[in-house]
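Naming: A, B, ... by sequence-line order, numbering from 1 per chain.
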There are 2 protein chains.
Amino acid sequence: MSQDRGKSDGTVGKALEILDLVASFGRPVRFSDVLERAPFPKATVYRFIQTLTSQGMLSYDPDRQTYAPGIRLVRLAHSAWQQSSLAPIARPHIDALAQEVGETVHLAQLDNAQVLYVDKIVPGQPIEMYSQAGKVGPAYCTGVGKAMMAYLEPEHLAAVIAQQSFHVFTEYTLASEQALRAELMDIRTNGYGFDREEHEPNIICAAIPILTAQGRVLGALSVTSSTQRTNLAALEALVPRILRAAFAIACEAESWRFPDQSNMQSAQAAKG
Amino acid sequence: MSQDRGKSDGTVGKALEILDLVASFGRPVRFSDVLERAPFPKATVYRFIQTLTSQGMLSYDPDRQTYAPGIRLVRLAHSAWQQSSLAPIARPHIDALAQEVGETVHLAQLDNAQVLYVDKIVPGQPIEMYSQAGKVGPAYCTGVGKAMMAYLEPEHLAAVIAQQSFHVFTEYTLASEQALRAELMDIRTNGYGFDREEHEPNIICAAIPILTAQGRVLGALSVTSSTQRTNLAALEALVPRILRAAFAIACEAESWRFPDQSNMQSAQAAKG
DNA sequence: TTTCAAGTTCCAATATGTGAAACTTGGTTT
DNA sequence: AAACCAAGTTTCACATATTGGAACTTGAAA
């Protein structure tokens, strides 16, 4: 679960490592919980937690004496989701796609070496955003993960692969670098890939990368279903439709410019 | 828009200041855009941006040569929203409330000296989460902002007030500390407050703080409408119902413990 | 009262961050 | 093609912030 973000980004990198560590617990934690897993001495961890808390990146619950990721992150993520994710651009496309094919559509991007889902549409369901966006999954055994990896430059790919756990989830999980690399080559040949119950039993999907004109990986799109409802051949038949959506998203992402509001910035906020 | 998070939290604080600065533009920015507004010399800003980018807190678009808040924030915010915000607990309550009263319900918390909306339910509308959660607004001229301020301890209140801009949005905006303090006293007496078109013309709301048993401010709840649809007296009639929701949320927030999953942590993620 | 774990503070040594200035890059003008 | 300029990047001596061992405080339990 630890991540080699670069190597050493000095104090800031270490502080963010602590932030990630707190987040990784998935529940509010005590100082000692953090200390236990942190690769720094007590006083150092203490100072980082103090700083992060004072900065609003962590929130402290005085009743329970616990720390959790702070709401300042929610505000920052609002900007991030709008500006750095494909979701705002992709939303109409994946919405239409989900409606047409009648299956769940995922939009994902790479975060470090993990798959980060930035949007999810379940046809007919109202959208429960934060509970879905922000979720992470393994790259080596999900459709979107493999689709993205297949189009990374060799260097970057090597770095990503080096961070995969190759944990065996099901009998179909690709459990070695060798198997994965072979699969990636296949995906490159076809232009699309599948998840053949590699991560969860009965869950299958067809996934397609979203690429810039220069071939840079922006993200990936997948249509997910279960073996009870359908099969790989049927999903494969949807590929042209998914491809159209992926292409449309890529086009818009490249031509998209933020409306120039630099001067009409909301003057509403706190003191300037 | 600048914020005095504590005073100086050393290097980490400065780096986060740059992060906030980038986010504050509301659009992808060039290095020089950041430099222009940053209170640090070129080389220093440069190093921070490099570090933040390498850390995934900023994302860099090589085509356009711009920086924007990075998707790592989305992952972190997922944890933050689940653990530090009232939203997951409050959702059923505010959902029911919105349905019953047939008006928009906001759930907000304080982030530094600003109001941060963590959830919003529009009755009959599907939920568009990230586009709403994460939004910020001024504390001194919103119902939720005033409701929360009314119950802060004097010290904290002073700090928050000191950061208000008192920008005049409408003819009803409380434009001075004095006027605001008088209003807060009123709110304390009643236990609830209003937004009387103070922020936007025609927009009114009734707001109620969410407090722990010890009186600590957790957040605030509001029912929003417009002068075309209703009036303050009608909103005031809803107060008991809103109060019930706020109380229910406060109770659950206090008794809530995260299910102890410390050992069954998802083994799915990247390398351990 | 004693004990212990958890959390907090201190401070000398030194690793880190700082920022003026020099340099490189890529595009535009003469 | 040469000169120019703005934007971005690198360098390095200096100063400061970070480091972490150890001592201290707190609060709960024996």
Separation of dA7(D) atom P from L35(B) atom CG, nearest Å, is 10 Å
Centroid-centroid distance, Y46(B) to F31(B), less than 6.0 Å: yes
What is the distance, to the nearest angstrom, from the CD atom on Q50(A) to the P atom on dT19(D)? 15 Å
Go through dT8(C), dG19(C), dG21(D) for me and flag the one nearest to the A43(A) side chain. dG21(D)
Salt bridge check, D111(A) against R72(B): does any charged N sit closer than 4.0 Å to a carboxylate O? no
Atom CD of E17(A) and atom P of dT19(D) are separated, to the nearest Å, by 12 Å
Value in whole Å for how far the C1' atom of dA15(C) lies from CZ of F40(A): 14 Å
Under 6.0 Å from the ring centre and within 45 degrees of the ring axis: does the NZ or CZ of R37(B) meet both conditions for the six-membered ring of F25(B)? yes
State, with a plain yes or no, whether a side-chain heavy atom of M57(B) is found less than 4.5 Å away from one of P69(B). no
Quick one: is the NZ or CZ of R188(B) closer than 6.0 Å to the six-membered ring centre of Y151(B), and within 45° of its axis? yes
So, taking the atom named CG in L107(A) and the one named CD1 in I89(A), what distance separates them when rounded to the nearest 0.5 Å? 10.0 Å
Using a 4.0 Å heavy-atom cut-off across all strands, classify T11(A) as base, sugar-phosphate, or nothing. sugar-phosphate
Distance-only donor-acceptor test (3.5 Å): side chain K42(A), base dG7(C): yes
Using the closest heavy atom to pick a nucleotide of DNA chain C for each, name whichever of Y67(A) or P41(B) lands nearer the 5' end. Y67(A)
Closest to the R47(B) side chain: dG21(D), dT18(C), dA20(C)? dT18(C)
Does a side-chain N or O from Y46(B) land closer than 4.0 Å to OP1 or OP2 of dG8(D), or not? no
Contact class for R30(B) (heavy atom, under 4.0 Å): base, sugar-phosphate, or nothing? sugar-phosphate
Can you find a side chain N or O atom of T44(B) that sits less than 4.0 Å from OP1 or OP2 on dG19(C)? yes
With no hydrogens and no angle check, do the side chains of S54(B) and D9(A) hold a donor and an acceptor under 3.5 Å apart? yes
Length of the CD1-P vector between I49(B) and dG17(C), whole Å: 16 Å
Given atom CG of D33(B) and atom C1' of dG8(D), what is their separation to the nearest angstrom? 13 Å
I want to check one thing: is the phosphate of dG7(C), taken as OP1 and OP2, less than 4.0 Å away from some side-chain N or O of S32(A)? yes
How do V12(A) and F31(A) order along DNA chain C: which one's closest nucleotide is nearer the 5' end? F31(A)
Rounding to a whole Å, what distance do you find between Q65(A):CD and dA5(C):C1'? 13 Å
Any non-hydrogen side-chain atom of F166(A) less than 4.5 Å from a side-chain atom of L180(A)? yes
Using C1' atoms of five pairs at each end, report the bend of the helix from dT1(C)-dA30(D) to dT30(C)-dA1(D) rounded to 10 degrees. 30°
Are K14(B) and dT18(C) close enough that a side-chain N or O sits under 4.0 Å from OP1 or OP2? yes
